[in-house]
Visitor: 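Attaching a single structure in structure tokens format; questions to follow.
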2 protein chains.
Amino acid sequence: MSGNVDRRVRRTRQAIQRALVELILEKGYEPVTVTDLIARADVGRSTFYAHYPDKQAVLFSALEEMAFLRAAPRHDGPPFSFSLPMFEHVREQRRLVRALLGRRGGRVVMAYGESLLEDVVREELLARGARPGATLDLAVTCVTGAFMALVRKWVDEELRATPAELDAVFRASVAPGVLAALEVPGQS
Amino acid sequence: MSGNVDRRVRRTRQAIQRALVELILEKGYEPVTVTDLIARADVGRSTFYAHYPDKQAVLFSALEEMAFLRAAPRHDGPPFSFSLPMFEHVREQRRLVRALLGRRGGRVVMAYGESLLEDVVREELLARGARPGATLDLAVTCVTGAFMALVRKWVDEELRATPAELDAVFRASVAPGVLAALEVPGQS
DNA sequence: CTCCTCTCGAACAACCTGTTCTGTTATGAA
DNA sequence: TTCATAACAGAACAGGTTGTTCGAGAGGAG
């Protein structure tokens, strides 16, 4: 009894989520219709609405798979060391991430992903001694914006690079300025 | 004869664009229908399709007003000095920018705005002596991503700050790292 | 095996789209 | 001012999507 739910329910939800990812990769998020989804998932129309109120709800359920954006940061190593593991994780789940965060993805998901990452960044900066305030908020936005932009372009294959290269340029680009602006020591 | 077009044409197109901006601010881009648009603009259905093939075409026509993202950078002052004038311009056109680039805006416009800004950033870095290559591409993405993230949050009023504050934190956060990573001197 | 949940598939009204048509009005040129 | 014409309004249209409802049937839990 995985998850304590009927096997049929698992099968149905999984089929719908899988179908959504496939269809987003083919046509982008917005053009995907519920009719497309149930055709691809081979599921009855009423069945769909028994599980999800609309298309967007499927999106959010698929989002759980992107929980790596919530990974707890380490505060002892070099700054923003969440970066390398995340890029590696993104590479492993490239299909999913491209569907959700890539160019063809929806706007809502991007905002959600950004907010997850913001928490990670803010937490690390606070742990390193930054003081809460407007400047911290701005800096967090910069760091998050830069990282997410890299991820978006990377999964869309507008950038060709290895996780290590992405990580190196990302950290080298934002860490010095941000840490100095917040008066935080570079290494612990 | 402004623009050498029939006055009725100007009136119609303007009304439709204005209606789109209003409706995006009220409900977001995606839920806006052509039927909404023509009702708000008080324009006949056939008239709409005589001017635009679809909703998205209106969006792109409104985009022309955001040409300030294409402003030519100066290469003599401090790095990334396009930032302050742009933030000021954004403040003046807050309504429009929020509709197009803000949370309720569409994904396509965001990509378009990002690509405009990327050109500006890349041009400046090349003028400062950076060498073309993968590292430059990554750095440009970081800078652009950080800037656009600030703009998005600012117009959506998730950040409260003056253009000068935004400019200061933005430049302080990204300039040192990026210039160092590209082996470019800090000041000319 | 039995019961109950889940699923199927059809049918539905309501909405939106993009096109076509006819008749009307405003515009710019003469 | 007059006038030909380009632009407009408004209705009607087929085709597609949405979200709901219903009864019949299949599949899993116990």
Side-chain angles (χ1 to χ4, degrees), chain A residues 1-62 64 99 104-109, chain B residues 1-62 64 99 104-109:
Chain A
M1 48 174 75
S2 311
N4 224 5
V5 286
D6 197 306
R7 182 187 306 156
R8 289 168 293 180
V9 173
R10 286 200 307 276
R11 181 216 159 263
T12 298
R13 296 202 176 142
Q14 203 169 341
I16 292 176
Q17 285 186 23
R18 218 191 299 268
L20 179 64
V21 171
E22 284 180 19
L23 287 168
I24 290 180
L25 291 174
E26 291 171 19
K27 347 194 289 179
Y29 172 67
E30 285 153 41
V32 174
T33 71
V34 173
T35 307
D36 289 338
L37 275 177
I38 63 181
R40 180 66 60 101
D42 197 23
V43 149
R45 183 165 200 79
S46 52
T47 305
F48 176 89
Y49 285 104
H51 288 279
Y52 302 101
D54 53 28
K55 197 173 75 166
Q56 183 166 303
V58 186
L59 205 60
F60 277 103
S61 78
E64 298 306 316
R104 335 202 55 149
R107 190 68 189 263
V108 213
V109 189
Chain B
M1 50 172 73
S2 311
N4 223 6
V5 287
D6 197 307
R7 185 187 305 153
R8 290 168 291 180
V9 174
R10 287 200 305 276
R11 182 216 158 264
T12 298
R13 296 202 178 143
Q14 205 169 343
I16 293 176
Q17 284 185 24
R18 220 192 298 268
L20 179 63
V21 171
E22 284 179 20
L23 287 167
I24 290 179
L25 291 174
E26 290 171 19
K27 347 193 289 181
Y29 171 67
E30 285 154 42
V32 175
T33 71
V34 173
T35 307
D36 289 337
L37 233 46
I38 63 180
R40 179 66 61 100
D42 196 23
V43 147
R45 186 168 197 77
S46 52
T47 304
F48 175 89
Y49 285 105
H51 289 279
Y52 301 102
D54 52 28
K55 197 174 73 164
Q56 183 166 304
V58 187
L59 204 60
F60 277 102
S61 77
E64 299 305 316
R104 334 202 58 150
R107 190 68 188 263
V108 211
V109 190

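Lettering follows sequence order; numbering is per chain, from 1. Everything quoted here is computed from the prediction, not taken from an experiment.
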Visitor: Considering only C:dT27, C:dC8, D:dG27, which nucleotide approaches the side chain of B:D6 most closely?
Guide: C:dT27
Visitor: Taking 4.0 angstrom as the limit, do B:K27 and B:E22 come out as a salt bridge?
Guide: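 Result for this pair is no, no salt bridge flagged.
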Visitor: Figure out the CD/C1' separation between B:Q14 and D:dC8, and round it to whole Å.
Guide: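 After rounding, the reported distance stands at 17 Å.
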Visitor: For the pair made of CD1 in A:I38 and P in C:dG9, what is the distance, rounded to whole Å?
Guide: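 Going from A:I38 (CD1) to C:dG9 (P), I get 10 Å.
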Visitor: So, is A:T47 near the phosphate of C:dC8, with a side-chain N or O under 4.0 Å from OP1 or OP2?
Guide: yes
Visitor: How close or far is atom P of D:dG28 from atom CZ of A:R10, stated in whole angstroms?
Guide: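 Roughly 10 Å, once rounded to whole Å.
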Visitor: Below 4.5 Å, heavy atoms only, C-beta onward: do A:V43 and A:H51 meet side chain to side chain?
Guide: no
Visitor: Does any N or O in the side chain of B:R45 come within less than 3.5 Å of the main-chain N or O of B:I38, such that one atom is a donor and the other an acceptor?
Guide: no
Visitor: Looking at A:D6 and A:R11, is any side-chain nitrogen of the basic one under 4.0 Å from a carboxylate oxygen of the acidic one?
Guide: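 Salt bridge absent between A:R11 and A:D6.
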Visitor: Rounded to whole Å, please give me the gap between CG in A:D54 and C1' in D:dG19.
Guide: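 Going from CG in A:D54 over to C1' in D:dG19 covers 10 Å.
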Visitor: Nearest nucleotide by nearest heavy atom, which residue falls closer to the 5' end of DNA chain C, B:T33 or A:V9?
Guide: A:V9
Visitor: Please state how far atom CG in B:D36 lies from atom C1' in C:dC16, giving the value in whole angstrom units.
Guide: 10 Å
Visitor: Using whole Å, what does the distance between atom C1' of nucleotide D:dG16 and atom CG of A:L37 come to?
Guide: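 These atoms are roughly 16 Å apart.
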Visitor: Rounded to whole angstroms, how far apart are CZ on A:R40 and P on D:dT17?
Guide: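 After rounding, the reported distance stands at 14 Å.
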Visitor: When we call it a touch if two heavy atoms are under 4.0 Å apart, what does B:D42 touch: a base, just sugar-phosphate, or nothing?
Guide: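 Since only primed, P, OP1 and OP2 atoms lie under 4.0 Å of B:D42, the category is sugar-phosphate.
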Visitor: With a 3.5 Å cut-off and heavy atoms only, can you find an N or O donor on one side and an acceptor on the other between the side chain of A:R7 and the base of D:dG27?
Guide: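 Looking at the base of D:dG27, it does not pair with any donor or acceptor on the side chain of A:R7 (distance under 3.5 Å).
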Visitor: Starting at CD1 of A:I16 and ending at C1' of C:dT7, how long is that distance when rounded to a whole Å?
Guide: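 Computing the A:I16:CD1 to C:dT7:C1' distance gives 11 Å.
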Visitor: OP1, OP2 of D:dA7 versus side-chain N and O of B:H51: anything below 4.0 Å?
Guide: no
Visitor: Check every atom of D:dA9, C:dT19, D:dG19 against the side chain of B:R45 and return the nucleotide holding the closest atom.
Guide: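 Selected nucleotide: C:dT19.
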Visitor: Taking the side chain of A:S46 as heavy atoms from C-beta outward, which of D:dC22, D:dG28, D:dA9 is closest to it?
Guide: D:dC22
Visitor: Distance under 6.0 Å and angle within 45° of the ring axis: does B:K55 meet both against B:Y29?
Guide: yes
Visitor: Can you tell me if B:Y49 touches the phosphate of C:dG18, counting only side-chain N or O atoms and a distance under 4.0 Å to OP1 or OP2?
Guide: yes
